[in-house]
Amino acid sequence: MTTTTQNASAVTSRDVDFDAIGIGAGFAGLALIHYLRGAGLSVRVFDKAPDVGGTWAWNRYPGAATDSESYYYCLTFSKEILQEWTWTKRYPGRKETQDYLRFVADKCDMWPHIQLNTAVVEARYLADRACWQVTTGTGEVFTCKYFISGMGMISEPVIPSIPGMDRFEGPLFHSSRWPQEELDYAGKRIGVIGAGATAVQMVPELAKTAASVTVFQRTPNYILPAMQQPMTPEWDQEIKANYDAIVAKCRNHVFGMAFDSPVGRNVIDTPPEERQRIFEEHWKGSFRWVFETFDDLLASPEANRMAADFIGAKMRERVKDPRIADLLTPAFDDYPLFAKRPPLDHGYLEAFNEDHVHLVDIKNDQPLVEITETGVRTTKAHYEFDIIVLATGFQAYTGALEAFPIIGASGQTLREKWKTLSECIMGVCVSDFPNMFVVTGPQAPFANLPTSIEQNVVWITRCIEKMEAEGLDVFWPRREAEQAWTAHTADIHVQTLMNEGTKVNSWMMGANREDKPPRVLIYFGGANFYYDALEESAQKGFPELEFERRPEHVS
Ligand code: NAP
């Protein structure tokens with residue numbers, strides 16, 4: 001991509017405060033600042049958090065860490081940063097990832113573009129002026145030509161409606177709203193509602209010092225081992241010597257990860273002993289196991305069953321009490337592997353071997369009844385707690401975009417538009433919302449997020465560069481293009497095992513929300529093919545968009 005490096009505004013068509021306003025100072029916000037500033041735009045990024053980091057500013061719960069491996073969970077626009085930053089381990093913790101983002105912001109002098117502690121409470125397209133008006137919680141009003149969401153696809157929490165939640169006398173909060181100040185939980189009795197990826201990371205860490213940890217589980221998960229490792233000087237050297245190849249691997253992988261796949265073999269064609277040998281050999285942590293063993297694990301039910309059986313057996317080996325092992329282990333007949341996103345584990349299963357860590361089956365044995373002043377009541381017992389954590393998940397892909405009014409050209413909000421279907425063009429543009437971009441919005445792939453974020457931001461920047469070079473004022477996402485991408489995404493979705501997510505409240509289909517019907521939220525045709533589609537779109541001059549030049553345009 002060619003970009004200019006001037007700092008002055010390159011946008012000449014409108015009298016606005018900023019050429020572009022972004023929301024969210026995580027990976028997406030920093031990528032937006034880099035690429036758009038490079039294209040000569042004036043940019044401001046707002047975030048309601050007190051620091052940069054996005055997900056890593058909010059998810060302060062003990063044990064929070066990346067599930068992608070560190071060396072490809074990063075932005076790649078600066079070769080210098082790739083060489084200068086050294087990760088300390090395979091999966092960095094929350095603080096280390098946030099420190100990395102601070103390092104990027106420092107190094108690239110991004111702070112003047114970032115306004116923290118500032119919630120955006122409304123964004124409205126002003127048709128007569130062909131610009132967006134953005135209002136903050138403190139009543140500031142800014143205008144911009146391009147309005148861009150970098151709010152993240154897993155950021156707006158799901159708060160369950162359990163009776164009595166306002167009665168509890170101790171701290172009760174969603175996992176992603178873990179207090180910014182230190183919360184002393186040592187020696188405390190902690191109740192965790194939910195057993196997804198967040199709980200799986202949190203529980204072993206809490207268990208180290210808490211008096212007790214009790215997990216209220218509805219649906220068990222296929223849990224893959226993380227197998228944490230420290231970064232050694234040799235490994236770090238190898239990574240840094242091979243960054244071009246690592247970045248290329250991510251770009252060409254179905255989930256945007258630096259994995260060696262496809263491997264060119266299917267489990268259903270492999271004899272049982274050979275299958276077992278390959279499964280065992282690759283049991284080395286991360287999602288690699290799913291992609292670097294066989295190519296059909298997520299494609300064929302028969303293959304998926306073999307993978308599910310293998311994982312189930314591995315899980316059981318680690319839990320001493322067979323009754324607890326039964327409760328923790330799903331089976332293919334319940335749901336296939338990846339119909340829910342499998343968590344990576346840093347000692348969750350072993351935690352249940354300790355006397356002070358308890359599992360309560362709230363699906364079949366004792367459903368939740370209410371939260372009381374002092375704890376949680378199920379149909380069978382009352383559990384006393386000092387702290388209750390709601391690890392109950394997120395309104396994925398659309399939640400942050402629906403949490404405040406984002407009002408398009410015809411006056412409808414995104415929330416209204418997405419009432420029954422979350423339609424979008426390649427996860428980046430929405431019809432009736434001119435000059436608005438979304439980074440990794442609905443119907444984008446679910447992949448290693450920094451890879452997808454950068455691919456999206458490059459596409460957005462190329463589109464803006466075209467508009468500025470040609471003196472265009474407005475782009476209108478075409479409704480036909482939106483319908484076509486939605487239909488294409490749905491066609492692929494029904495052919496995958498992820499389509500079974502509705503059976504188990506999977507957030508990947510929005511089936512974990514009480515306020516909306518489930519829907520197709522993710523493009524599962526392969527992140528690499530999706531990145532190809534973005535490239536083709538840019539090369540063809542963005543045929544999904546209709547461009548408008550206003551008569552009064554001044555260039
Ligand atoms: P989640 O996977 O959606 O899990 C939510 C849990 O809360 C589930 O066990 C769910 O039960 C339970 N739950 C929801 N509402 C409930 C209610 N009313 N009563 C009782 N239980 C209820 O959410 P998450 O664990 O926060 O993870 C979400 C996603 O965030 C992950 O899949 C992952 O993509 C991302 N994440 C990433 C990382 C990382 O990469 N490091 C870490 C954490 C999270 P059911 O399953 O029965 O609905």
Side-chain angles (χ1 to χ4, degrees), residues 27 54-56 58-70 73 90-94 96-97 152-165 174-178 191-203 205 215-224 226 228 255 257 286-287 327-328 330 334-335 338-346 348 359-364 366-371 376 378 388-397 399 440 445-450 498 501-515 518 521-522:
F27 278 87
T55 285
W56 307 103
W58 288 108
N59 284 272
R60 304 176 67 85
Y61 61 84
T66 69
D67 277 354
S68 289
E69 291 151 306
S70 52
Y73 191 77
R90 188 179 188 185
Y91 310 96
R94 177 200 80 74
E96 184 171 346
T97 309
M153 33 71 72
I154 305 182
S155 47
E156 192 63 24
V158 165
I159 307 295
S161 47
I162 304 169
M165 289 208 313
H174 188 269
S175 53
S176 70
R177 298 295 179 266
W178 192 277
V192 177
I193 298 179
T198 296
V200 167
Q201 287 191 335
M202 185 190 295
V203 167
E205 196 56 33
V215 177
F216 294 89
Q217 173 192 277
R218 223 162 42 183
T219 312
N221 279 287
Y222 293 102
I223 293 176
L224 296 164
Q228 180 69 286
F255 274 69
M257 309 241 178
S286 102
F287 298 115
L327 287 178
L328 286 169
D334 304 325
Y335 69 95
F338 254 89
K340 278 172 104 66
R341 192 279 217 179
L344 286 196
D345 167 31
H346 296 260
Y348 178 74
L359 186 68
V360 180
D361 171 11
I362 55 170
K363 189 173 196 177
N364 299 316
Q366 42 181 312
L368 287 182
V369 175
E370 60 174 349
I371 292 183
V376 172
T378 68
I388 296 178
V389 185
L390 306 171
T392 44
F394 296 87
Q395 304 172 36
Y397 282 91
T440 63
F446 180 47
N448 181 44
L449 276 163
M498 286 67 135
T502 45
K503 284 186 188 167
V504 277
N505 320 322
S506 172
W507 64 257
M508 295 196 291
M509 295 187 69
N512 60 337
R513 292 181 64 166
E514 290 172 7
D515 59 336
L521 281 175
I522 302 181

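Each ligand, and each atom within it, is numbered from 1 in the order the structure gives.
Interface atoms of ligand 1 facing A65, defined by a heavy-atom separation under 4.0 Å, are 39 (C), 41 (N). Near T66, meaning under 4.0 Å from one of its heavy atoms, ligand 1 places the atoms 41 (N). For ligand 1, the atoms sitting less than 4.0 Å from at least one non-hydrogen atom of I193 are 20 (C), 21 (N), numbered in the order shown with element in parentheses. Shown in contact with Y61 at under 4.0 Å from a heavy atom are these atoms of ligand 1, numbered in order with element: 42 (C), 43 (C). Close contacts of ligand 1 with N505, meaning ligand atoms under 4.0 Å from a residue heavy atom, involve 45 (P), 47 (O), 48 (O). Residue I362 approaches ligand 1 through these ligand atoms, each under 4.0 Å from one of its heavy atoms: 20 (C). Of all atoms in ligand 1, listed by their number and element, those nearer than 4.0 Å to a heavy atom of G194 are 6 (C), 7 (O), 9 (O), 12 (C). Residue-ligand proximity, T198 to ligand 1, at heavy-atom distances under 4.0 Å covers atoms 24 (P), 25 (O), 26 (O), 27 (O), 43 (C), 44 (C).
Contact annotation: for F446 versus ligand 1, heavy atoms closer than 4.0 Å belong to the side chain alone. Contacts between K363 and ligand 1 below 4.0 angstrom, taking non-hydrogen atoms only, are absent altogether. By the criterion of a heavy-atom distance under 4.0 Å, the side chain of F394, and not its backbone, is placed next to ligand 1. The part of K340 lying near ligand 1 is the side chain, judged by heavy-atom distances below 4.0 Å. The backbone of A391, and not its side chain, has at least one atom closer than 4.0 Å to an atom of ligand 1 (non-hydrogen atoms only; backbone = N, CA, C, O).
N221 CG to L328 CG: the interatomic distance, rounded to the nearest 0.5 Å, is 10.0 Å.
Side chains of T219 and Y335 form a contact here, defined as non-hydrogen atoms less than 4.5 Å apart. Looking at L521 and M153, their side chains never come closer than 4.5 Å, going by heavy atoms from C-beta outward. The shortest distance between side-chain heavy atoms of P343 and Y348 does not fall below 4.5 Å. Residues R341 and M508 are in side-chain contact: their nearest non-hydrogen atoms beyond the backbone lie under 4.5 Å apart. When side chains are defined from C-beta on, L368 counts as touching I193, because their heavy atoms get closer than 4.5 Å. A heavy-atom distance below 4.5 Å is found between the side chains of Y91 and S286. Looking only at side-chain heavy atoms (C-beta outward), F216 and V192 stay at 4.5 Å or farther from each other.
Nearest protein neighbour of atom 2 (O) of ligand 1, counting heavy atoms only, is G196 CA, 3.7 Å. Regarding atom 17 (C) of ligand 1, its nearest protein heavy-atom neighbour is R218 NH1, 3.3 Å. Shortest contact from atom 23 (O) of ligand 1 to any protein heavy atom: G393 CA, 3.1 Å.
Considering backbone and side-chain atoms together, L368 places no N or O closer than 3.5 Å to any N or O of ligand 1. Taking distance alone, with nitrogen or oxygen atoms compared against 3.5 Å, I154 stays at or beyond that limit from ligand 1. At least one N or O atom of A197 sits closer than 3.5 Å to an N or O atom of ligand 1. Looking at I162 next to ligand 1, no N or O pair under 3.5 Å apart turns up. Between N512 and ligand 1, no N or O atom pair is found at a separation short of 3.5 Å.
No side-chain donor-acceptor contact under 3.5 Å links R94 to the backbone of A65. Looking only at distances, a side-chain donor or acceptor of N59 sits under 3.5 Å from a matching main-chain atom of T55.
Closest of all the heavy-atom pairs between A511 and T502 is CB-CA, 4.0 Å.
Ligand 1 lies out of reach of S175, whose nearest heavy atom is not under 4.0 Å from it.
For P157, the side chain to side chain contact (heavy atoms under 4.5 Å, CB included) test picks out I159, H174, S176, R177, with sequence neighbours left out.
Applying the ring pair (Phe, Tyr, Trp, His ring centres under 6.0 Å) test between F446 and each of F338, F287, Y397, W507 identifies W507 as the sole match.
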